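These notes concern the structure reproduced below.
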Amino acid sequence: QVQLVESGGGLVQAGGSLRLSCAASGPTFSTQTLGWFRQAPGKEREFVSAINYSGGSLAYADSVKDRFTISRDNAKNTAYLQMNNLQPDDTAVYYCAAAVSGVAVMTMKRYGYWGQGTQVTVAS
């Protein structure tokens, strides 16, 4: 069982940066793939980024590649999403999720554990 709690969201101007954190509890965190998803108002939840247990397998959505960086610290049971050059289209609730997988996966249904989400709002 893994419990996930996101933090770090907020309001930022276009071009600004935020770093989201995902604090996990449970004995299997270090063996699971962590993913970030987001859901904007009126839209479906979409994949943002994922990192496997070792950090050796990464995945990014095309829309955030070169702007967002995912990382994790297994000693702290925490994953991070560094978001740079934020744009109004990045406005959404961002969710952290965990999957039993040896590689970074982008498919939402592979993720069995979800956090409650953190709001990111980018003003133009």
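A quick note: this is a predicted structure, and the numbers were derived from the prediction, not measured.
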Notebook entry, point to check: Yes or no on side chain to side chain contact (heavy atoms under 4.5 Å, CB included) for Gln13 and Val122, after CA distance, side-chain angles and deciding distance?
Noted result: CA-CA 5 Å; Gln13 295 293 316; Val122 185; over 6 Å; no
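Here the side chain of Tyr94 pairs no donor or acceptor atom with the backbone of Val48 at under 3.5 angstrom. Side-chain atoms of Ser124 never come within 3.5 Å of backbone atoms of Pro88 as a donor-acceptor pair (strictly under, hydrogens ignored).
At most 12 non-hydrogen atoms from other residues, nucleotides or ligands lie less than 6.0 angstrom from OH of Tyr53. Within a 6.0 Å sphere centred on CE of Met106, other residues, nucleotides and ligands contribute 12 heavy atoms or fewer.
Within the structure, disulfide bond (SG atoms under 2.5 Å apart) contacts touching residues 65-95 (residues at least two apart or in different chains) do not occur. Applying the side-chain hydrogen bond (donor to acceptor under 3.5 Å, both in side chains) rule to pairs touching residues 96-111 yields nothing, sequence neighbours excluded. Listed by first then second residue, pairs satisfying salt bridge (Lys or Arg N to Asp or Glu O under 4.0 Å) with a partner in residues 47-65 read Asp62-Lys65, not counting sequence neighbours.
The shortest side-chain heavy-atom distance between Ser63 and Arg38 falls under the 4.5 Å cut-off. Between Tyr60 and Ile70 there is a side-chain heavy-atom pair separated by less than 4.5 Å. In this structure, Leu58 and Ser49 have side chains that are not in contact, with every pair of non-hydrogen atoms separated by 4.5 Å or more.
Scanning both residues, Thr118 and Gly9, for their nearest heavy atoms gives OG1-N, 3.2 Å. Here the closest heavy-atom approach between residue Leu34 and residue Ala79 is recorded as CG-CB, 4.1 Å. Of all heavy-atom pairs between Gln87 and Asn85, the closest is NE2-OD1, 2.8 Å.
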Would you list the atom pairs, donor with acceptor, under 3.5 Å between side chains in residues 15-27 and any protein atom, with sequence neighbours excluded?
{"residue": "Ser17", "atom": "OG", "partner": "Asn84", "partner atom": "OD1", "Å": "2.9"}

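Taking Gln116 as the reference, Val5, Glu6 meet the side-chain contact (heavy atoms from CB on, under 4.5 Å) condition, with sequence neighbours excluded. Not a single side chain to side chain donor-acceptor pair (under 3.5 Å) links Ser57 to another residue, sequence neighbours left out. The side-chain contact (heavy atoms from CB on, under 4.5 Å) check on Asn74 picks up Phe29, Ser30, Arg72, with sequence neighbours excluded. Listed by chain and residue number, Gln39 satisfy the side chain to side chain donor-acceptor pair (under 3.5 Å) test with Arg45 (two or more places apart in sequence, or in another chain). In terms of the salt bridge (Lys or Arg N to Asp or Glu O under 4.0 Å) criterion, residue partners of Arg67 (sequence neighbours excluded) are, by chain and number, Asp90. The side chain to side chain donor-acceptor pair (under 3.5 Å) search around Thr121 returns Gln119, not counting sequence neighbours. Not counting sequence neighbours, Tyr95 has no partner by the side chain to side chain donor-acceptor pair (under 3.5 Å) test.
There is no path of hydrophobic side-chain contacts, each under 4.5 Å, that joins Ile51 to Phe47. Linking Ile, Leu, Val, Met, Phe, Trp and Tyr residues whenever their side-chain heavy atoms come within less than 4.5 Å places Leu81 and Tyr113 in a single cluster. Residues Met108 and Val105 share a single hydrophobic cluster, defined by chaining ILVMFWY side chains whose heavy atoms lie under 4.5 Å apart. Cluster annotation: Val93 is not connected to Val12 through the hydrophobic network of ILVMFWY side chains, with a link wherever side-chain heavy atoms come within less than 4.5 Å.
The aromatic ring centroids of Trp114 and Phe37 lie less than 6.0 Å from each other.
Using a 4.5 Å cut-off between side-chain heavy atoms of Ile, Leu, Val, Met, Phe, Trp and Tyr, Tyr80 forms no hydrophobic cluster with any other residue.
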